[in-house]
*Asks:* 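Mind having a look at this structure? Questions to follow.
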Amino acid sequence: MFFRQLLNDETACASYLLGCKSRGEMAVVDPHANLVDSYVALAEAQGTRISAVLETHVQADHLSGRLAPRSSSTTRRSPTGTW
């Protein structure tokens, strides 16, 4: 199991990278547009790939679409904007 909180100092927003190293898969929760390189680098450093992106709420700087070209992830969003 791997878990890491990442903070964007400019917006004070938290995002999370978590997953199973033995399965080689990670998920990013509430990804921030400015941290895409960090998520990809952390996943690669653990020998894993990002396979899922979870958005718990709608926010302009949570741009999961920027991860798609860099990973084989599936994006999941709350239908109402909140879980």
*Asks:* From Ser38 OG over to Leu7 CG, what is the distance, rounded to the nearest 0.5 angstrom?
*Replies:* 11.5 Å

*Asks:* By the definition side-chain contact (heavy atoms from CB on, under 4.5 Å), identify the one residue from Leu6, Leu17, Leu54 that meets it with Val29.
*Replies:* Leu54

*Asks:* Of Leu35, Val28, Val36, which meets side-chain contact (heavy atoms from CB on, under 4.5 Å) against His32?
*Replies:* Leu35

*Asks:* According to the ring pair (Phe, Tyr, Trp, His ring centres under 6.0 Å) rule, which pairs have a member within residues 4-30, sequence neighbours left out?
*Replies:* Phe3-Tyr16

*Asks:* So, do Arg4 and Leu18 sit near enough that their side-chain heavy atoms are less than 4.5 Å apart?
*Replies:*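 Arg4 vs Leu18: side chains apart.
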
*Asks:* Going by side chain to side chain donor-acceptor pair (under 3.5 Å), name the residues that satisfy it together with Ser15, two or more places apart in sequence or in a different chain.
*Replies:* Tyr39

*Asks:* What closest approach, in Å, do Ala43 and Met26 show between heavy atoms, and which atom pair accounts for it?
*Replies:* CB-CG, 4.4 Å

*Asks:* Report, as yes or no, whether the 6.0 Å neighbourhood of atom CD on Gln5 holds more than 12 heavy atoms from other residues, nucleotides or ligands.
*Replies:*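 Yes - once you tally the heavy atoms of other residues, nucleotides and ligands closer than 6.0 Å, there are more than 12.
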
*Asks:* Could you list all the salt bridge (charged side-chain N to carboxylate O under 4.0 Å, His left out) pairs where at least one residue sits in residues 17-26, not counting sequence neighbours?
*Replies:*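 Salt bridge (charged side-chain N to carboxylate O under 4.0 Å, His left out) check on residues 17-26 returns Glu25-Arg49.
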
